[in-house]
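In what follows, chains carry the letters A, B, and so on, assigned in the order in which the sequence lines appear, proteins first and then strands, with residues in each chain numbered from 1.
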Amino acid sequence: MKLVTWNVNSVRLRLEHLQRLEALWRPDLICLQETKVTDELFPREAFAALGYAHLAVLGMKGYNGVAIASRRPLALVRHQTWCGRDDCRHLIAELDGIEVHCLYVPAGGDIPDPAANDKFAHKLEFLDAVAGWFAGQDAARPMVLVGDFNVAPLPTDVWSHKQMLKVVSHTPVEVERLAALQASLGWIDAVRHFVPPEQHLYSWWSYRAADWAASNRGRRLDHIWVTPPLAPRLARAEILAEARGWQPPSDHVPVMVDLA
DNA sequence: ATGGTGGATGCTCCA
């Protein structure tokens, strides 16, 4: 089973990109974040034409929004809300007995101080709540947790560890929170399973660079994690960096894992 | 130290 996660930054603007992605990787399952569309206006026909007739969508007007597109029928579709907000960040479905979680963690604003920045406080509370919830689940079940986690955990998941320590997405307090979430079920980072920690990896490049590829100041914010029962099935993982150059681009690129 | 861009919306918010 080949599965992809991608923060598309508006699904309606990225339909041709999704067509390219399908042609390139032929994924069985595509998990999307920042769809930025209500469920009524979700472009279902375009997905059906690509072979994804089975959709789970959880969207709102303008902001956030997650979706799961599948070639085969999805079971037990449901969603979760966090921190008392109904803001379309967590969608769940099952395929082939695997429970798939599509998650969009709050970005957290610019100031990395929860006392001065409500968005950063919300991000930390969100990560704590999700970690607490998963800690009560059964790690012996085959589960996949994917999405835009908005945290780059390793020093090599950012272009400069030292210069990013006070930048939201790579501060120690966020990295600790994400580590606690990872520990909740002993989640395995499926991409790092194949790539040594010395090697830099990015899945996001800012729009605010004159030349994203030349400056290459990226961050790895998008992740695919699996529970221990799925570890023996990890066959391949890829980050499609070239998609950052597809016009007009999302600032995130697709991340893929193949489960044997 | 600063500002830089892009998307959805509608005279601004969020990333």
Separation of the P atoms in B:dT9 and B:dC13, to the nearest angstrom: 16 Å

Between B:dT2 and B:dC14, how far apart are the two P atoms, rounded to whole Å? 22 Å

Could you check which of B:dG4, B:dC14, B:dG7 has an atom nearest any side-chain atom of A:Arg208? B:dG4

Measuring from the side chain of A:Asn150 (C-beta onward, heavy atoms only), which nucleotide among B:dA15, B:dT5, B:dA8 has the closest atom? B:dA15

Counting only heavy atoms not in A:Glu242, do more than 12 sit closer than 6.0 Å to its CD atom? yes

Using heavy-atom distances to pick each residue's nearest nucleotide on DNA chain B, tell me which of A:Ala209 and A:Leu13 is more 5'. A:Ala209

Contacts of A:Val11 and A:Tyr63 projected onto DNA chain B by closest heavy atom; the upstream (5') one is A:Val11

What integer distance in Å separates A:Trp212:CH2 from B:dA15:C1'? 19 Å

Take atom P in B:dG6 and the same atom in B:dC11, then report the distance between them in whole Å. 23 Å

My understanding is that only one of A:His170, A:Arg192, A:His223 makes a side-chain contact (heavy atoms from CB on, under 4.5 Å) with A:Pro153; could you say which? A:His223

Per side chain to side chain donor-acceptor pair (under 3.5 Å), A:His90 is matched among A:His101, A:Arg78, A:His79 by A:His101

Looking only at the side chain of A:Ala107 (C-beta and beyond, no hydrogens), which of the listed nucleotides B:dG6, B:dA15, B:dT9 gets closest? B:dA15

Between A:Arg14 and B:dG7, is there a side-chain N or O to OP1/OP2 distance below 4.0 Å? yes

How about A:Asp110: does its CG atom have over 12 heavy atoms from other parts shown lying under 6.0 Å from it? no

May I ask you to evaluate whether A:Lys61 reaches the phosphate of B:dT9, defined as a side-chain N or O under 4.0 Å from OP1 or OP2? no

Separation of the P atoms in B:dT12 and B:dA1, to the nearest angstrom: 29 Å

Whole angstrom is fine here: how far is it from CD in A:Gln163 over to P in B:dA1? 14 Å

